[in-house]
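Because the structure is predicted, anything quoted here is derived from the model rather than measured.
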Amino acid sequence: MTSYVLRKLLRLGLVLLVVAAASFLLMNLLPGDVALALLGNEATPEAVAQVRAELGLDQPLLMRYLHWLGGFLCGDLGRSYITQVPVMESILDRLPVTIELMLLSQGLALLIAVPTGVLCAYKAGSRIDQLANAVGLFLLAAPVFILAILLMFLFALKLRWLPSTGYVPFMTDPVRNLAHLALPALAIALAEWPSLFAVLRGDMIKTLQQDYIALAKAKGLGPAFILFRHALRPSSFTLVTLSGLQIAATIAGALVVETIFGLPGIGRMLTGAVYNRDMMLVQGCVAVISVGYVLINFGVDLIYALLDPRVRQ
Amino acid sequence: MMDAGLPLLEVTDLATHFHTQRGLLRAVDGVSFSVRRGQTLGIVGESGSGKSALARTIIRILSKRHTTTTGRITFEGRDLLTVSEPDMRDIRGRDIAMVFQDPTSSLNPVKQVGVQIEEVLARHLGLRGRAAQTRAIELLTSVGMPLPQERLHQYPHQLSGGMRQRVAIAIALACEPKLLIADEPTTALDVTIQAQILDLLHRRQKAHHMAMILISHDLGVVAGYTDTVAVMYAGQIVEQASTRSLFRNCRMPYTAALMRSAPNLSDPPHTRLRAITGRPPDMVLPPPGCRFEPRCDDATDICRNRRPALSASDADGTHRYACWHPVASPGASA
Amino acid sequence: MNALADDPGHETASPVGATIPMRVRDRLGLRFWLPAAWITMVVVLAATASLLPLPSPIETDFTALSNWPDRAHWFGTDQLGRDILSRAIFGARISLTVGLLAPALGLGIGMLLGMTAGYFRGRVEIVIGAAMDAVMAFPGILVVLAVTAYVGASVPLLVILLGVLTVPTFMRVARANTLVFAQHDFVLAARAMGATHWRVLSLELLPNVMIPILIYALLVVSRIIVVEGVLSFLGLSLPAPWPTWGNMIADGQVELATLPYIPFIPAALMFLTVLSINLIGERLRARTDLRGSVL
Amino acid sequence: MSPAELLVVDDLSVTYALPRGRQLIAVANVSFTVHKGETLGLVGESGCGKSTISRAIMQLPPPTGGAVVFEGRNLAHLDTAALRRARTRLHMIFQDPISSLNPHRKVRDIVAEPLAIAGMGDAEDRKRRVRAALENVGLDPDQVMDRRPHEFSGGQCQRIAIARALVTEPQLVICDEPVSALDVSVRAQILNFLEDMKAHYHLTLLFISHDLAVVKNISDRVAVMYLGRLCELAPSARLYEAPLHPYTAALMAAIPVMDPDRCRSPSHLLAGELPSPMNPPSGCRFRTRCPRATPHCAAHEPEWRETEAGHFVACHFPLVAPQGATISPARQP
């Protein structure tokens, strides 16, 4: 186990370096000039040169990278070109909203997917299984922004059960905070559910055909014990991997959902920064989100090893 | 034995049909036999003969949605087909235990060996913690597992095939069952390990005075370790006798052909094998008469049209066969 | 091993000389043909959009602002008086172009890499795997966001970016299937007869790998249509006033409470299209014999 | 090399490199000869390296040590074209007949494949040869040519695989467990059929199996393997009458016999399990399970020697020959 963790840590370090370098290069190798983008096409060459010097763009690429990487490691991501606010500060300001949204939505998705997946695998082919599959097929075809608009239309605008836009911090008022996050989280969770459900159901059906399940039955164990203590763990490998990879989809979902529901999260900030061509902010957001994504998938690898003794060696 | 007269298990006219896309598949089709305490019954058949389905039917672990079972399975006076599911769960693992063909797939890959043994002990004997652990070590020792203490915390993939089968046997023997069903317990193993495992099963059986159903495709395996043998073909028992009588004096052409078609060590090299032509029938559309008729050299019209019943060939009725034209028995005047 | 381990069914092909066994071919059924008809209609309309007698999708008509669907405008008009039917049909072009071309690009590259990695194994596999891991280390949507922020959105750019982002998953499916089939003895048999690697890959492995990967590709097509929807919803696809389903939904969302038909019509079209593709994929998967393939 | 020696395997070793610098020696220093027209059986339990040998002979991949000399030429030294020509005279049949046929190709293409690869004959000629090969294996070409493998049973698939192996009329066919995946009744059909094909095509066979009874039935000579090494090699009948290596004897004793009266004493049982090939025992590899092992066996690797004409053994303390003569470990051939 130790050697497995060490190997994964080594890999994590390498991947983080790649991610950092890629975030940097993305912004620095693409055609187009930041200074020109900032000042507009009518800018004088002198003004452009001055801005370039201010931003350090006249330095060689490698120097700029090392400078940026040093800052990145110390949590300094530069300042926004437009508001002049330190990027890290803006990100830390917005991050809690997004993290809460992602935790709620991913938790909700798993909370629905695990019981439904297990139940439908156990009763594969039954009415309830067919129904769940049909629902899954429909939800799979409904993009997250359509779900978000639909939920908003139904529950916020027509039924008026929940607020449509806005945000209240958790510390200020937990109930209103959750009320504001309920629909956005549900929208993402509903979009995530079908794939998590399908994967768990499929793997579970395969597991239930294994001889060790027959042996568990032959031992006289009951169905609940067999399903949750024997079958669930070996059936959840793909689910765990997928829920790590699905974070990417959740991020896309968060971008849209935060925009639709007016949540002050990192996604909405990033979308705004893209419109405003605030490259420093875009770069910072991309770097932070990517690092978070890599760390989550590192955690997933560790969970995987805890679940499956065979991969530890 | 007090009730030596009564069989421990009596199966009467048992049929198990699978619902498949192609139609009803008659995996087990009208099978009757009985097993006495302390006895070993061998069931021999080729793949597809229904022997595994039969084993799984007896302990009722087939999916109810996909199968229909009819007939009677009387175990210690109770019909297992009418017993409630919770009662059946009490019987499984405690009174009737099973060993499966491939120990690689019959042990849970993500659970430690010890846990897999201890959960039967907890389920049926209420043993937990240290007591369960001590018993698990005893069990592993009794199945000849080297270093039993260390094995408790190992996972199946860390053991060899033979050792995994020993663990599976330890699980099966955990509650000292009255009946052990061993479904091809050595097919996935090498010959030298197969001999070890068969010997182990035989010794444990004698020690516990346990009844056993030993299922195999290999007549040789059955010959050495059973008291009586039933030969299955296409979902039915076609011949049933005491082991000696079957091997000395077989009457059913299929059994005879099966014995002849396997190469024998005592024959000189390049001895021509007497192969059985054709293949077993499609069990969705079995032949109306004798199911072996399409492959049988001696078949006549009656074989094509009428299904032979299992009838006795000797005076005490223990040797029975289903055939219109039985192979001449050296002792009988046919 | 399953409960039917002793299933006699697997030895039931009739002997040579007897009747040829009929494969049980259940019909594709309405669950295939209805979605297929829908897709065909959307494709034909989108392809012939400029030839159809439709009002301009971009010209505003101040005499018909926010008209609910009626006989003149079957799908109504939006806040600027543009015909929603016309916009929806032109918008389909973008969804379909991106939705078909990006996966095609990803499938081409991914299959090549995946089969190479799965067949040759060793260092080739490690290098390809690492490259794919690097691509997958980024949440894809961020890459698209960042690049379009910089260079500006355009359809060819979207096709290339989304295409590249689908390469790793195609590569994984191709590699997994290649691994499975490469273990079959027929590959060893071909090598034993002296077949070149190229012959093994193209004649023995490709036909086996192709079917699962094509079925998988349908899933990717529907997913990419959704992603394009997200991007154009965020205003990162085709620039206004040109319509895409995504930006029509985004524009309409403002008046969600009063004019719900404006966002819901393109939303419904997108939903039906994605659902149709998924249904076709599911039907084909159920129909095709995918024994041994990994999906 | 005499003309009768069709295949000479000389000091063959196959080593796999494992992560962290470890090595798996799958086959170590194996030598044997296959004479023209004979069937040589190679028997051993799983993991003994018998399949690895068959693949090394086919150069898939080439062995890491030693030589495979087929028809007088070292296969490792042949260029691509020459090796391809050699492969038309050297074929292989596999264990799982269904897995050895590509499910997406028609039988006509499957059987014609060796001809296509070797570039033998024109389309008409190939078609004629394919038909002939299918007829020879007892299949009706008109019925089967345009069908795909899944429409056939295991036994029929094995016939198609044999037709493919025979279509170029090879000299040597390596049969790697060709009947292990088949049922008893079908197994006998295929074994008889292999004998017929051998006579019809004047074949030489290298027959690999874990089943001693099958190997004895089909082979003229039998070689026994254990953990990557040869233990014993002798004419088939001789080996079964008077095995010299304790492993051969144990292997035979372990075979279940169809005789309810035969005494099964546990003393015949071989104790213990197969050691890991990554960490094989020193000296004689069988010593950890051998009832006759002494410290001498742990220290010295037994030599491969000929105790009587055609009977080879690698053991320090071979079993007593039935004539009553003990072969002392000191006596060298």
Side-chain angles (χ1 to χ4, degrees), chain A residues 11 14-16 18-19 22-23 26-27 30-32 34 37 133 137-138 140-146 148-150 152-153 156-158 164 191 208-211 214 245 247-253 255-256 259-260 270-271 273-279 282-283 285-286 289-290 293-294 297, chain C residues 1-5 130 133-153 165 169 219 222-223 225-231 233-236 245-246 249-250 252-253 256-258 260 263-264 266-268 270-279 282 295:
Chain A
R11 210 182 109 99
L14 286 174
V15 174
L16 283 179
V18 170
V19 167
S23 325
L26 203 58
M27 295 300 109
L30 286 171
V34 178
N133 279 308
L137 207 61
F138 272 74
L140 198 64
V144 63
F145 58 99
I146 293 183
I149 291 174
L150 202 65
M152 187 188 215
F153 182 72
L157 300 177
K158 289 290 153 192
S164 61
L208 290 179
Q209 290 171 347
Q210 296 291 317
D211 268 355
L245 293 174
I247 300 284
T250 320
I251 291 168
L255 285 175
V256 182
T259 311
I260 293 175
L270 175 59
T271 325
V274 169
Y275 286 131
N276 298 330
R277 304 181 72 102
D278 190 344
M279 288 310 143
V282 172
Q283 189 178 33
C285 288
V286 169
I289 297 176
S290 303
Y293 180 66
V294 170
N297 279 300
Chain C
M1 279 291 122
N2 58 33
L4 298 174
D133 281 357
V135 176
M136 287 184 84
F138 278 97
I141 191 98
L142 283 189
V143 179
V144 181
L145 267 183
V147 176
T148 47
Y150 211 89
V151 249
L165 287 171
T169 54
L219 197 70
S222 76
R223 215 182 290 159
I225 291 180
V226 170
V227 170
E228 190 280 330
V230 169
L231 290 169
F233 182 84
L234 294 171
L236 296 172
W245 288 347
I249 300 172
Q253 187 227 336
L256 184 58
T258 49
F264 281 138
M270 185 172 213
F271 172 74
L272 284 177
T273 306
V274 175
L275 181 67
S276 300
I277 296 172
N278 288 348
L279 279 172
E282 196 212 41
L295 209 63

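Looking at A:Ile260, both its backbone and its side chain come within 4.5 Å of chain C, counting heavy atoms on both sides. Using a 4.5 Å cut-off between heavy atoms, A:Thr259 touches chain C through its side chain atoms alone. Contacts of A:Ala214 with chain C are absent, with no heavy-atom separation under 4.5 Å from either backbone or side chain.
When the candidates A:Val294, A:Ile289, A:Leu14, A:Ile247 are compared by the number of heavy-atom contacts under 4.5 Å with chain C, A:Ile289 comes out ahead. Between chain A and the residues C:Val143, C:Leu231, C:Leu272, C:Val226, the most heavy-atom pairs under 4.5 angstrom are made by C:Val226. Counting heavy-atom pairs under 4.5 Å between each of A:Val18, A:Ile149, A:Leu16 and chain C puts A:Ile149 at the top. For the set A:Leu137, A:Ile251, A:Asn297, the count of heavy-atom pairs under 4.5 angstrom toward chain C peaks at A:Leu137. Ranked by heavy-atom pairs shorter than 4.5 Å toward chain C, the options A:Thr271, A:Val19, A:Val15 are led by A:Val19.
In this structure, the separation between CZ on A:Phe153 and CD1 on A:Ile146 is 14.5 Å, given to the nearest 0.5 Å. With rounding to the nearest 0.5 angstrom, the CZ atom of A:Phe145 is 14.5 Å from the CE atom of A:Met152. To the nearest 0.5 Å, the span separating CD1 on C:Ile277 from OG1 on C:Thr273 amounts to 6.5 Å. Atom CD of C:Glu282 and atom CG of A:Leu140 lie 10.0 Å apart (nearest 0.5 Å).
Below 30°, between 30° and 60°, or above 60°: for A:Phe138 and C:Phe271 the angle between ring planes is between 30° and 60°, a tilted geometry.
Counting all heavy atoms, side chain and backbone alike, C:Met270 lies closest to A:Pro143 at SD-CG, 4.0 Å.
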